[in-house]
There are 2 protein chains.
Amino acid sequence: METRIERIKKHLHSSSYKLTPQREATVRVLLEHEEDHLSAEDVYLLVKEKSPEIGLATVYRTLELLTELKIVDKINFGDGVSRYDLRQEGAAHFHHHLVCIECGAVDEIQEDLLEDVEAVVEQRWNFKIKDHRLTFHGICYRCQDKDEE
Amino acid sequence: METRIERIKKHLHSSSYKLTPQREATVRVLLEHEEDHLSAEDVYLLVKEKSPEIGLATVYRTLELLTELKIVDKINFGDGVSRYDLRQEGAAHFHHHLVCIECGAVDEIQEDLLEDVEAVVEQRWNFKIKDHRLTFHGICYRCQDKDEE
DNA sequence: TTAATAAATTAAAATGATTGTTATTTAAAA
DNA sequence: TTTTAAATAACAATCATTTTAATTTATTAA
Ligand SMILES: [Zn+2]
Ligand SMILES: [Zn+2]
Ligand SMILES: [Zn+2]
Ligand SMILES: [Zn+2]
């Protein structure tokens, strides 16, 4: 945890940004909820528990900055809000998501899976891929079990 | 064109909805701009040219209805607006997108490409896939040519 | 055909997420 | 220490989308 914060601090410094207390509090919340897919409001409420003086706009600005630096990925599952996902350290690509249309759960796929597809796209469409977003909508294993009862 | 409208009309009827003049005007705009990825506002302005009395809320409701019936797909490229894409008739899956981070162009990939990946996901994650969203972000062929100059 | 009912629409207001503004604070540089 | 720049809080403003209430249109029943 602390070492990851240290690395993020260096990452900010190398782009001449500072890890202010507000930014650190925000990053800590993201680290403590790595499994989740928090909205800006979610992050704000969690940060507020420990640092009640922080403003929502600051959370937004911090998340924007972290997105710019590719420390987090911004993603949208079709409900009206953007969600923020810490990028795995050293991960070449953004991970994929499984969104259950019954219970709303969002599970993650860390494996790449797209290598072959991306090779085809780069060749056939002459498109230089920098990033991707892949989300599957369907029924999660939990809801399949429920349905069988 | 007319036959596609007819089929959409039947599709609505089979779910006991009517193809009102406002809905027809909206569908026509979508058909006339199949290549594009129009926002609700975009659709509204285009519909207004021929049917100035239509309201923005009606366009939103119509697009919502068409999305429910899977006549269009709602998609989000990360700017703050939802965009609406006519589904290819008979297409099993939603097509993929190439978003250029330099010029903003959005190109389409109609080929499936994901068959193998989806088989793996269904098996390994025990997830019943109903739909997907796949978007690549990168440099389009046009901008690559520009960069070489 | 006419009265009653339901569906769809308009226009306006409300909502909710996000962004911009301004004064203030904090940290770095001179 | 004084000066300057960066960051923040509090609030206002904006933008996309949804809701509401009144009206219109189409459908059904008498
Ligand atoms: Zn589920
Ligand atoms: Zn995730
Ligand atoms: Zn381009
Ligand atoms: Zn498309």
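Naming convention: chains lettered A, B, ... in sequence-line order (proteins, then strands); numbering from 1 in each chain. In this text, all values refer to a predicted model and were calculated from it rather than measured experimentally.
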task = Without swapping roles, check the side chain of B/Ser16 against the backbone of B/His13 for a donor-acceptor pair under 3.5 Å.
result = no

request  = Give one of base, sugar-phosphate or nothing for A/Ser39, where a contact means two heavy atoms less than 4.0 Å apart.
outcome  = nothing

Flag for B/Gln110-B/Glu108: side-chain donor and acceptor within less than 3.5 Å = yes

Length of the CD-P vector between A/Glu53 and C/dT25, whole Å = 14 Å

message = Looking at A/Ser82, I'd like to know whether one of its side-chain N or O atoms comes within less than 4.0 Å of OP1 or OP2 on C/dT18.
response = yes

For atom CG of A/Asn76 and atom C1' of D/dT17, their distance in whole Å = 13 Å

query = In terms of the angle between their ring planes, are B/His96 and B/His132 parallel, tilted or perpendicular, with boundaries placed at 30° and 60°?
reply = tilted

request  = Provide, to the nearest angstrom, the distance between the CD atom belonging to B/Gln22 and the P atom belonging to C/dA11.
outcome  = 11 Å

request  = Consider the side chain of B/Thr20, meaning its heavy atoms from C-beta on, and name the nucleotide among C/dT21, C/dT9, D/dA16 that approaches it most closely.
outcome  = C/dT9

request  = Establish, with yes or no, whether the OP1 or OP2 oxygen of D/dT17 is under 4.0 angstrom from a side-chain nitrogen or oxygen of B/Tyr60.
outcome  = yes

note = Sorted by position of nearest nucleotide on DNA chain C, 5' first, the leading residue of B/Lys18 and B/Leu56 is B/Lys18

note = Note: for B/Glu41 and A/Gly55 on DNA chain D, the residue whose nearest nucleotide lies more 5' is A/Gly55

request  = Round to a whole Å and report the spacing from OH of B/Tyr44 to P of C/dT9.
outcome  = 15 Å

key: Atom-to-atom span, CZ of B/Arg23 to P of C/dA8 - whole angstrom   = 5 Å

query = Crowded around B/Glu89 CD? As in, over 12 foreign heavy atoms under 6.0 Å?
reply = yes

message = Can you measure B/Lys74 atom NZ to D/dT18 atom C1' for me and round it to whole angstrom units?
response = 11 Å

query = Can you find a pair of side-chain heavy atoms, one from B/Arg142 and one from B/Asp107, that are under 4.5 Å apart?
reply = yes

ask   = Taking the side chain of B/Ala57 as its heavy atoms from C-beta onward, which of D/dA6, C/dA12, C/dT21 lies nearest to it?
value = C/dA12

message = Expressed as a whole number of angstroms, how long is the span from B/Asp79:CG to D/dT17:C1'?
response = 15 Å

query = Nearest-Å distance, NZ (A/Lys48) to P (D/dA9)?
reply = 9 Å

